Amino acid sequence: MSRHQEGKRDGKASGRGTNNMRSKSNARGNSPIKKNTAGSSRTATTSSNKGGIRLNKYISNSGICSRREADMYIATGQVTVNGEIINEMGYKVNLDDDVRFDGRRINPESKAYVLLNKPKGFSVTTSNSKGMTVMDLVASATKSRIQPVGRLGRNATGLILFTNDEKVMQKLTNSKSGLQRLFHIELDKNLKGEDLEKIKKGLTVDGKKYDVEDLKYVDGAPKKEVGLRIRNIGSSLIRTVFEHLDYQVVRVDCVTLAGLTKKDLPRGKYKHLSEQEINNLMML
(Lines give C-alpha, C1' and ligand atoms only; values in the text may rest on other atoms or scores of the structure.)
Protein backbone atom coordinates (compact mmCIF):
# COMPACT_ATOMS: atom_id res chain seq x y z
CA MET A 1 0.00 0.00 0.00
CA SER A 2 1.30 3.42 -0.87
CA ARG A 3 1.97 6.15 1.71
CA HIS A 4 -0.84 8.23 0.17
CA GLN A 5 -3.30 5.36 0.62
CA GLU A 6 -2.18 4.88 4.22
CA GLY A 7 -2.94 8.50 4.84
CA LYS A 8 -6.48 8.00 3.59
CA ARG A 9 -6.96 4.92 5.77
CA ASP A 10 -5.90 6.79 8.89
CA GLY A 11 -8.06 9.80 8.04
CA LYS A 12 -5.04 12.02 7.61
CA ALA A 13 -3.99 13.79 4.48
CA SER A 14 -0.42 14.29 3.40
CA GLY A 15 -0.94 17.98 2.76
CA ARG A 16 -0.44 17.58 -0.98
CA GLY A 17 -3.89 16.57 -2.08
CA THR A 18 -6.71 18.88 -3.11
CA ASN A 19 -8.96 17.61 -0.30
CA ASN A 20 -6.51 18.50 2.42
CA MET A 21 -8.14 17.61 5.74
CA ARG A 22 -5.87 20.08 7.57
CA SER A 23 -8.14 22.86 6.32
CA LYS A 24 -10.22 22.13 9.41
CA SER A 25 -7.35 23.11 11.70
CA ASN A 26 -7.68 26.17 13.90
CA ALA A 27 -4.00 26.97 13.66
CA ARG A 28 -2.99 30.62 12.99
CA GLY A 29 -3.89 31.58 9.44
CA ASN A 30 -6.68 29.03 9.19
CA SER A 31 -8.85 30.00 12.13
CA PRO A 32 -12.52 30.71 11.47
CA ILE A 33 -13.29 34.34 10.64
CA LYS A 34 -14.78 36.07 13.64
CA LYS A 35 -17.46 38.65 13.27
CA ASN A 36 -16.29 42.15 14.13
CA THR A 37 -18.21 44.84 15.86
CA ALA A 38 -19.40 47.77 13.75
CA GLY A 39 -16.58 49.99 14.97
CA SER A 40 -13.73 47.55 14.42
CA SER A 41 -15.14 46.54 11.04
CA ARG A 42 -15.06 50.18 9.90
CA THR A 43 -11.51 50.60 11.10
CA ALA A 44 -10.22 47.39 9.55
CA THR A 45 -11.81 48.16 6.19
CA THR A 46 -10.42 51.67 6.15
CA SER A 47 -6.94 50.47 7.08
CA SER A 48 -6.77 47.74 4.46
CA ASN A 49 -7.77 50.12 1.69
CA LYS A 50 -5.36 52.91 2.65
CA GLY A 51 -1.90 53.64 1.37
CA GLY A 52 0.45 55.94 3.24
CA ILE A 53 2.55 55.08 6.28
CA ARG A 54 1.92 53.17 9.48
CA LEU A 55 0.39 55.24 12.23
CA ASN A 56 3.13 54.46 14.74
CA LYS A 57 5.78 55.67 12.27
CA TYR A 58 3.75 58.83 11.58
CA ILE A 59 3.69 59.57 15.32
CA SER A 60 7.38 58.74 15.75
CA ASN A 61 8.36 60.99 12.83
CA SER A 62 6.55 63.87 14.50
CA GLY A 63 9.12 63.72 17.30
CA ILE A 64 6.72 62.84 20.11
CA CYS A 65 8.04 59.37 20.98
CA SER A 66 9.48 56.13 19.63
CA ARG A 67 7.47 53.68 17.53
CA ARG A 68 7.23 51.26 20.46
CA GLU A 69 5.81 54.00 22.68
CA ALA A 70 3.48 55.07 19.87
CA ASP A 71 2.01 51.55 19.79
CA MET A 72 1.21 51.88 23.48
CA TYR A 73 -0.51 55.24 22.98
CA ILE A 74 -2.50 53.85 20.04
CA ALA A 75 -3.59 50.81 22.09
CA THR A 76 -4.82 53.01 24.94
CA GLY A 77 -6.96 55.18 22.63
CA GLN A 78 -4.92 58.38 22.83
CA VAL A 79 -4.64 58.77 19.04
CA THR A 80 -7.37 59.87 16.63
CA VAL A 81 -7.39 59.97 12.84
CA ASN A 82 -9.89 62.30 11.19
CA GLY A 83 -11.88 62.46 14.42
CA GLU A 84 -12.03 58.70 15.07
CA ILE A 85 -10.15 56.90 17.86
CA ILE A 86 -7.82 54.35 16.27
CA ASN A 87 -6.42 51.47 18.33
CA GLU A 88 -5.59 49.05 15.51
CA MET A 89 -1.93 48.07 15.22
CA GLY A 90 -0.65 48.54 11.67
CA TYR A 91 -3.25 51.15 10.74
CA LYS A 92 -2.02 53.32 7.86
CA VAL A 93 -2.53 57.03 7.31
CA ASN A 94 -1.81 59.59 4.60
CA LEU A 95 0.04 62.86 5.12
CA ASP A 96 -3.15 64.88 4.64
CA ASP A 97 -5.04 63.01 7.39
CA ASP A 98 -5.87 64.86 10.61
CA VAL A 99 -3.86 62.87 13.15
CA ARG A 100 -4.06 63.96 16.78
CA PHE A 101 -2.20 62.77 19.85
CA ASP A 102 -3.88 63.54 23.15
CA GLY A 103 -6.10 66.07 21.31
CA ARG A 104 -3.24 67.97 19.62
CA ARG A 105 -2.68 67.70 15.88
CA ILE A 106 0.73 66.36 14.95
CA ASN A 107 2.84 66.65 11.80
CA PRO A 108 5.49 64.11 10.75
CA GLU A 109 7.26 66.56 8.44
CA SER A 110 10.23 68.73 9.31
CA LYS A 111 9.32 72.35 10.00
CA ALA A 112 9.88 74.73 7.09
CA TYR A 113 9.82 78.54 6.93
CA VAL A 114 10.03 80.10 3.47
CA LEU A 115 9.87 83.81 2.59
CA LEU A 116 8.86 84.81 -0.95
CA ASN A 117 9.12 88.17 -2.69
CA LYS A 118 5.92 87.82 -4.70
CA PRO A 119 5.69 89.27 -8.24
CA LYS A 120 2.46 90.48 -9.87
CA GLY A 121 0.04 88.05 -11.45
CA PHE A 122 0.13 85.24 -8.87
CA SER A 123 -2.78 84.36 -6.60
CA VAL A 124 -2.07 83.68 -2.93
CA THR A 125 -3.90 80.37 -2.62
CA THR A 126 -3.25 76.64 -2.42
CA SER A 127 -6.02 75.93 -4.95
CA ASN A 128 -5.05 74.47 -8.32
CA SER A 129 -7.98 76.13 -10.08
CA LYS A 130 -6.80 79.74 -9.76
CA GLY A 131 -4.24 79.85 -12.58
CA MET A 132 -0.72 80.82 -11.55
CA THR A 133 -0.34 80.78 -7.77
CA VAL A 134 2.42 81.48 -5.28
CA MET A 135 2.61 77.73 -4.67
CA ASP A 136 4.14 77.39 -8.14
CA LEU A 137 6.92 79.77 -7.11
CA VAL A 138 7.88 77.81 -3.96
CA ALA A 139 7.24 74.31 -5.33
CA SER A 140 10.93 73.37 -5.16
CA ALA A 141 11.61 75.05 -1.80
CA THR A 142 10.81 72.05 0.41
CA LYS A 143 9.09 68.68 0.47
CA SER A 144 7.10 69.78 3.51
CA ARG A 145 3.51 70.88 2.90
CA ILE A 146 3.86 74.62 3.49
CA GLN A 147 0.99 77.11 3.27
CA PRO A 148 0.94 80.89 2.81
CA VAL A 149 0.33 83.00 5.91
CA GLY A 150 -2.07 85.85 5.14
CA ARG A 151 -3.13 87.20 1.77
CA LEU A 152 -1.96 89.52 -0.99
CA GLY A 153 -3.97 90.48 -4.05
CA ARG A 154 -3.03 88.91 -7.39
CA ASN A 155 -1.55 92.21 -8.62
CA ALA A 156 0.07 93.10 -5.30
CA THR A 157 3.78 92.42 -4.80
CA GLY A 158 6.10 91.86 -1.88
CA LEU A 159 6.68 89.56 1.03
CA ILE A 160 4.64 86.55 1.95
CA LEU A 161 5.60 83.82 4.43
CA PHE A 162 5.03 80.08 4.02
CA THR A 163 5.23 77.46 6.77
CA ASN A 164 3.88 74.14 7.97
CA ASP A 165 4.38 75.14 11.61
CA GLU A 166 0.84 75.36 12.98
CA LYS A 167 2.01 77.13 16.12
CA VAL A 168 3.53 79.97 14.09
CA MET A 169 0.57 79.99 11.72
CA GLN A 170 -1.90 80.41 14.57
CA LYS A 171 0.20 83.11 16.19
CA LEU A 172 0.49 85.18 13.02
CA THR A 173 -3.18 84.83 12.09
CA ASN A 174 -4.49 85.52 15.59
CA SER A 175 -7.17 88.22 15.52
CA LYS A 176 -5.55 90.07 18.44
CA SER A 177 -1.81 89.88 17.74
CA GLY A 178 -2.04 89.39 13.96
CA LEU A 179 0.69 89.73 11.38
CA GLN A 180 2.36 93.15 11.25
CA ARG A 181 3.13 94.32 7.70
CA LEU A 182 4.38 97.53 6.14
CA PHE A 183 3.07 98.38 2.66
CA HIS A 184 4.37 100.85 0.12
CA ILE A 185 1.23 102.10 -1.63
CA GLU A 186 0.86 104.26 -4.71
CA LEU A 187 -2.44 106.05 -5.34
CA ASP A 188 -3.83 107.63 -8.49
CA LYS A 189 -3.47 111.11 -6.95
CA ASN A 190 -1.92 112.87 -3.99
CA LEU A 191 -3.35 111.90 -0.59
CA LYS A 192 -4.77 114.93 1.19
CA GLY A 193 -3.48 115.62 4.67
CA GLU A 194 -7.00 115.52 6.18
CA ASP A 195 -7.66 112.15 4.56
CA LEU A 196 -4.39 110.79 5.89
CA GLU A 197 -5.48 111.79 9.41
CA LYS A 198 -8.92 110.22 8.94
CA ILE A 199 -7.35 106.89 8.05
CA LYS A 200 -4.92 107.06 10.97
CA LYS A 201 -7.77 107.66 13.40
CA GLY A 202 -9.74 104.74 11.99
CA LEU A 203 -12.48 104.66 9.36
CA THR A 204 -15.89 103.05 9.59
CA VAL A 205 -17.06 101.70 6.24
CA ASP A 206 -20.46 99.99 5.93
CA GLY A 207 -20.64 99.65 9.69
CA LYS A 208 -17.19 98.04 10.04
CA LYS A 209 -14.28 99.77 11.75
CA TYR A 210 -10.91 99.71 9.94
CA ASP A 211 -7.89 100.51 12.09
CA VAL A 212 -4.30 101.00 10.97
CA GLU A 213 -1.14 101.18 13.06
CA ASP A 214 0.50 104.01 11.12
CA LEU A 215 0.28 105.92 7.85
CA LYS A 216 2.93 108.29 6.48
CA TYR A 217 4.02 109.90 3.24
CA VAL A 218 7.05 108.24 1.67
CA ASP A 219 10.13 110.43 2.09
CA GLY A 220 11.38 112.01 -1.13
CA ALA A 221 8.36 110.80 -3.17
CA PRO A 222 5.14 112.47 -4.39
CA LYS A 223 2.32 112.56 -1.84
CA LYS A 224 0.47 109.88 -3.74
CA GLU A 225 2.97 107.38 -2.32
CA VAL A 226 2.44 106.38 1.31
CA GLY A 227 3.66 103.81 3.78
CA LEU A 228 0.88 101.96 5.62
CA ARG A 229 1.51 99.73 8.61
CA ILE A 230 -1.25 97.31 9.56
CA ARG A 231 -1.65 94.22 11.72
CA ASN A 232 -3.96 92.24 9.54
CA ILE A 233 -3.73 88.90 7.69
CA GLY A 234 -5.48 90.18 4.56
CA SER A 235 -4.94 93.21 2.34
CA SER A 236 -8.56 94.05 1.49
CA LEU A 237 -8.39 96.81 4.11
CA ILE A 238 -6.10 98.80 1.83
CA ARG A 239 -8.46 99.18 -1.09
CA THR A 240 -11.48 99.55 1.19
CA VAL A 241 -10.24 102.59 3.11
CA PHE A 242 -8.71 104.42 0.15
CA GLU A 243 -11.60 103.81 -2.24
CA HIS A 244 -13.99 104.97 0.48
CA LEU A 245 -12.19 108.34 0.31
CA ASP A 246 -12.27 108.37 -3.52
CA TYR A 247 -8.71 107.23 -4.23
CA GLN A 248 -7.74 104.40 -6.58
CA VAL A 249 -4.92 102.10 -5.51
CA VAL A 250 -2.36 101.80 -8.32
CA ARG A 251 0.33 99.70 -6.63
CA VAL A 252 0.66 97.68 -3.42
CA ASP A 253 4.01 96.30 -2.25
CA CYS A 254 4.59 94.55 1.09
CA VAL A 255 8.07 95.66 2.14
CA THR A 256 8.28 94.20 5.67
CA LEU A 257 6.46 91.32 7.30
CA ALA A 258 6.69 90.40 10.99
CA GLY A 259 10.12 92.03 11.14
CA LEU A 260 11.34 90.31 7.95
CA THR A 261 12.55 92.43 5.02
CA LYS A 262 13.20 92.10 1.29
CA LYS A 263 16.95 92.63 1.70
CA ASP A 264 18.87 90.47 -0.83
CA LEU A 265 15.62 88.86 -1.99
CA PRO A 266 14.83 89.70 -5.65
CA ARG A 267 11.27 89.70 -6.95
CA GLY A 268 10.00 86.20 -7.67
CA LYS A 269 12.65 84.54 -5.47
CA TYR A 270 12.38 82.85 -2.09
CA LYS A 271 14.66 82.03 0.80
CA HIS A 272 14.58 79.81 3.88
CA LEU A 273 14.55 81.74 7.13
CA SER A 274 17.69 81.66 9.23
CA GLU A 275 17.63 80.21 12.73
CA GLN A 276 17.69 83.73 14.17
CA GLU A 277 14.75 84.83 11.99
CA ILE A 278 12.76 81.78 13.11
CA ASN A 279 13.52 82.54 16.75
CA ASN A 280 12.35 86.11 16.22
CA LEU A 281 9.06 84.81 14.83
CA MET A 282 8.60 82.58 17.86
CA MET A 283 9.06 85.57 20.16
CA LEU A 284 6.38 87.72 18.53
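Being a predicted model, the structure only gives us computed values, none of them experimental. Atom set for the values below is all heavy atoms of this structure, side chains included, hydrogens, waters and symmetry mates excluded.
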Please table the atom pairs, donor to acceptor, closer than 3.5 Å between any side-chain atom in residues 277-284 and protein atoms at least two apart or in another chain.
from, atom 1, to, atom 2, distance (Å)
Glu277, OE1, Ser274, N, 2.8
Glu277, OE1, Ser274, OG, 3.3
Glu277, OE2, Lys271, NZ, 3.0
Asn279, ND2, Glu275, O, 3.2
Asn280, OD1, Gln276, NE2, 3.0
Asn280, ND2, Gln276, O, 3.4

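- In this structure, Tyr91 OH and Ile86 CD1 are separated by 4.0 Å, a value rounded to the nearest 0.5 Å.
- Remark: Ile160 CD1 to Phe162 CZ distance equals 5.0 Å, nearest 0.5 Å.
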task: Start with the C-alpha gap between Asn56 and Ile74, add the side-chain angles, then the distance that decides, and say whether side-chain contact (heavy atoms from CB on, under 4.5 Å) holds.
output: CA-CA 8 Å; Asn56 62 351; Ile74 293 169; 4.2 Å; yes
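- One finds a salt bridge joining Lys189 and Asp246 here, because a Lys/Arg side-chain nitrogen approaches an Asp/Glu carboxylate oxygen to under 4.0 Å.
- With hydrogens and angles ignored, the 3.5 Å screen pairs a side-chain donor or acceptor of Glu69 with a backbone N or O of Ser66.
- Rounding to the nearest 0.5 Å gives a distance of 11.0 Å between CD of Glu166 and CD1 of Ile106.
- Between Thr157 and Asp253, the side chains place a donor N or O and an acceptor N or O closer than 3.5 Å (distance only, hydrogens not considered).
- Note: Glu186 CD to Gln248 CD = 13.0 Å, rounded to the nearest 0.5 Å.
- Not counting sequence neighbours, Lys111 has no partner by the salt bridge (Lys or Arg N to Asp or Glu O under 4.0 Å) test.
- Between Pro108 and Leu95, the shortest heavy-atom distance links the atoms CG-CD2, 3.7 Å.
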- request: Could you please spell out the steps behind the salt bridge (charged side-chain N to carboxylate O under 4.0 Å, His left out) verdict for Arg100 and Asp98?
  value: CA-CA 6 Å; Arg100 294 178 183 265; Asp98 184 339; 3.0 Å; yes
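- Contact detail for Met135 and Thr125: the closest heavy-atom pair is CG-O, 3.3 Å.
- Shown here are the ring pair (Phe, Tyr, Trp, His ring centres under 6.0 Å) partners of Tyr247, two or more places apart in sequence or in another chain: there are none.
- Hydrophobic clustering (ILVMFWY, side-chain heavy atoms < 4.5 Å, transitive): Met89 and Tyr58 are in one cluster.
- A donor-acceptor contact under 3.5 angstrom links the side chains of Tyr270 and Ser140, judged on distance only.
- Using a 4.5 Å cut-off on side-chain heavy atoms (C-beta onward), Thr204 and Tyr210 make no contact.
- Within the structure, salt bridge (charged side-chain N to carboxylate O under 4.0 Å, His left out) pairs that include any residue of residues 135-147 comprise Glu109-Arg145 (at least two apart or interchain).
- Between Asn164 and Ala112 the shortest heavy-atom distance is OD1-N, 2.9 Å.
- Taking OG of Ser62 as the start and CG of Asn107 as the end, the distance is 8.0 Å to the nearest 0.5 Å.
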Using residues 212-228 as the side-chain source, report each donor-acceptor pair under 3.5 Å to any protein atom, sequence neighbours left out, with the distance given to one decimal.
from, atom 1, to, atom 2, distance (Å)
Glu213, OE1, Gln180, NE2, 2.7
Glu213, OE2, Arg231, NE, 3.0
Tyr217, OH, Leu191, O, 2.6
Tyr217, OH, Gly193, N, 3.4
Glu225, OE1, His184, NE2, 2.9

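- When every heavy atom of Cys254 is checked against every heavy atom of Lys262, the shortest pair comes out as O-CD, 3.8 Å.
- Heavy atoms only, all atoms of each residue included: Ser110 and Ser144 are closest at O-OG, 2.8 Å.
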Donor-acceptor contacts, no H, no angles, side chain residues 113-122, under 3.5 Å, sequence neighbours left out:
from, atom 1, to, atom 2, distance (Å)
Tyr113, OH, Asp165, OD2, 2.5
Asn117, OD1, Arg267, NH1, 3.0
Asn117, ND2, Leu265, O, 2.8
Lys118, NZ, Phe122, O, 3.1
Lys118, NZ, Gly153, O, 3.2
Lys118, NZ, Arg154, O, 2.9
Lys118, NZ, Ala156, O, 2.6

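- Between Leu245 and Glu194 the shortest side-chain heavy-atom distance does not fall below 4.5 Å.
- Donor-acceptor pairing under 3.5 Å is recorded for the side chains of Asp97 and Asn82.
- In this structure, Thr126 and Pro148 have side chains that are in contact, with non-hydrogen atoms separated by less than 4.5 Å.
- Transitive grouping of hydrophobic side chains (ILVMFWY, heavy atoms separated by less than 4.5 Å) keeps Val250 and Ile185 in distinct clusters.
- When all heavy atoms of Cys65 and Ile59 are compared, the pair lying nearest together is SG-CG2, 3.9 Å.
- Residues Leu161 and Val255 fall into different hydrophobic clusters, defined by Ile, Leu, Val, Met, Phe, Trp and Tyr side chains chained together at heavy-atom separations under 4.5 Å.
- With rounding to the nearest 0.5 Å, the separation of OG1 in Thr256 from CG in Leu182 is 4.0 Å.
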